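This structure is a prediction, so every number in the text was calculated from the model and none was measured. Note on naming: letters A, B, ... go to the chains in the order of the sequence lines (proteins, then strands), and numbering restarts at 1 for each one.
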Amino acid sequence: MRRPRGTRDLFGPELESVRKVMHVMNEIFKRYGYVEVETPTFEHLELFTKKSGASVVNQIYAFQDKSGRWLALRPELTAPVVRFYLERLKSFPKPLKLFYFGNCFRYEEPQAGRYRQFLQSGAEIIGSSRPEADAEVIALVDEVAKELGLRGYDLRIGNVGLLREILSRAGVKGEEQDPVMRAIDAHDQAKLEEELDKRGVGEEYKKLLKAVAGLRGGVEVLDKAEELLSDLTKARAALRRLRAVLRLLELCGVDGYRVDLGIARGLEYYTDVVFELYVDGVQVAGGGRYDELIELLGGEPCPAVGVGFGVDRIAQAMLRQGVEIEERQLDCMVLPSSGEMLDECLKIARDLRRAGLSVDVDLMGRSLRKAIAYADARRARYAVIVGARDLASGKVTLRNMTTGEQELVPREELANKLKEVQAT
RNA sequence: GCCGAGGUGGUGUAGCGGUCAACAUCGGGGACUGUGGAUCCCCUGACCCGGGUUCGAAUCCCGGCCUCGGCCCCA
């Protein structure tokens, strides 16, 4: 039997790095005042088909249960969290700040950094339409990247509202905009030209769209955008919002970002400010404002902003970059000098474990020689050698596995002695 | 869904029509029943699956599966 395509078995550094990412995120989310939620692994299929276009529906693991209900393994977590909000959290004080971790499933061809089961985390602010909320979510992303020690990360901030407004003015509305947005996101000029012509967009708007989508750099690009958009009131409002968010980011201590007005992505439900986080050219997080999604899923109109993180991808980036991941090692192994000492070893191990130490005993009936070799292979810091000779005077031998130095230690002082050296 | 490169012990490789399928490493044991990272010896363990060609296939051909990477897509 082998594992299903696109899944992974994890252990060792791979698992440690995932755990570390989860741990750090968990701490930061709570530090920022978010509350954890958990939703089921499967939902009604309809929840996802409502939110996402038909193109992605065939990538959902969908099935009928024994009563014929159409269910789906969740392909993402925003829709389930919004569903949870609509079902039970609507009457909590606004804004609601929620975070979550969860496995998601997509039926896709596995490739670099892409699996059929993957771990996502995210945070959402539901109920605030203000730029403070946008800025806080972006600050959260920056904090995660910083605290995980990711080097050379690239945080890009844009606003899909600008591009969509230009398209609307040019007569391209609703879903018609999506293929155009995709072409922009892919930086595919030929494709963009084609999509715009297909929809009869005039030269003037084509030029404007390309000019705006090409803007990236520091805050100064907003001035250029403002010149270009002088006639478009709503687009200028979007620009003002972006400016406000960037100003707030400064107060939050975020400075390493780039403005990129070409961010469009296939994220069709984003309405305003959007952002993406890249590490080594791989996108590891993305989010933005989605003021219409909650209504789409059957709620009262309600503004919201959020972010999703690709936990596995971030963990892989950390391994790649050699970020230090501390791993709790075995404090000691308790080894009998001969078979008769086994009972005594078990008692000593019991006491040391109760004292909070990480302790192992040999379960193979090995000779002392082999057992010490095994302790070395396990990278135990100490070996406690229990023999009749020392035990006669109530002592055991404590061997430092790194230096090879040994000393006789009274049994009852063993735990304290080990805890002392554990701290160093 | 498409394209490319691959699949031999747990890992890394050799073998490329006839070999007891080799080597290294890892794992278990012994030399050495109160002392590890050395040496020597022994043991466990593999040709992805199914067809075909052939007297004979790990080796050649076809199909599938899987892995890695790229495209499409990425809510």
Indicate yes or no: at least one non-hydrogen side-chain atom of A:L148 is less than 4.5 angstrom from one of A:V21. yes
Per the ring-ring contact (aromatic ring centres under 6.0 Å, His included) rule, what does the pair list look like for residues 147-195 of chain A, sequence neighbours excluded? none
Using the C1' atom in both, what is the distance from B:C61 to B:G12, to the nearest Å? 30 Å
On RNA chain B, check which nucleotide each of A:A377 and A:F105 is closest to and give me the residue with the more 5' one. A:A377
At 4.0 Å (heavy atoms only), tell me whether A:I60 reaches a base, stays on the sugar-phosphate, or touches nothing. base
Output the distance between atom CZ (A:F48) and atom OH (A:Y61), rounded to the nearest 0.5 Å. 14.5 Å
Inter-nucleotide C1' distance (B:U13, B:G6), Å rounded: 15 Å
Answer with base, sugar-phosphate or nothing: what part of the nucleic acid does A:T397 contact at a heavy-atom distance below 4.0 Å? base
For nucleotides 29-33 of chain B, which of its nitrogen or oxygen atoms have a protein nitrogen or oxygen under 3.5 Å away, and what is each distance?
{"unit_1": "B:C32", "atom_1": "O2", "unit_2": "A:R369", "atom_2": "NE", "d": "2.3"}
{"unit_1": "B:C32", "atom_1": "O2", "unit_2": "A:R369", "atom_2": "NH1", "d": "3.3"}
{"unit_1": "B:C32", "atom_1": "O2", "unit_2": "A:R369", "atom_2": "NH2", "d": "3.1"}

When you measure from the side chain of A:Y269, which nucleotide among B:U35, B:A75, B:G37 comes out closest? B:A75
Among B:A75, B:C72, B:U35, the one nearest A:R114 by side-chain distance: B:C72
Between B:U8 and B:C2 - C1' atom distance, rounded Å: 30 Å
Given B:A75, B:G37, B:U35, identify the nucleotide with an atom nearest to the side chain of A:D376. B:G37
Write down the distance separating the C1' atoms in B:A46 and B:A21, rounded off to the nearest Å. 9 Å
List, with names and distances, any nitrogen or oxygen atoms from the protein found under 3.5 Å away from nitrogen or oxygen atoms belonging to nucleotides 67-69 of chain B.
{"unit_1": "B:U67", "atom_1": "OP1", "unit_2": "A:G6", "atom_2": "N", "d": "3.3"}
{"unit_1": "B:U67", "atom_1": "OP2", "unit_2": "A:R5", "atom_2": "NH1", "d": "2.3"}
{"unit_1": "B:G69", "atom_1": "OP2", "unit_2": "A:A112", "atom_2": "N", "d": "3.2"}

Without decimals, in angstroms, what is the distance between A:D390 CG and B:U35 C1'? 12 Å
Nearest-neighbour nucleotide for the A:E109 side chain, B:C2, B:U35, B:C74 considered: B:C2
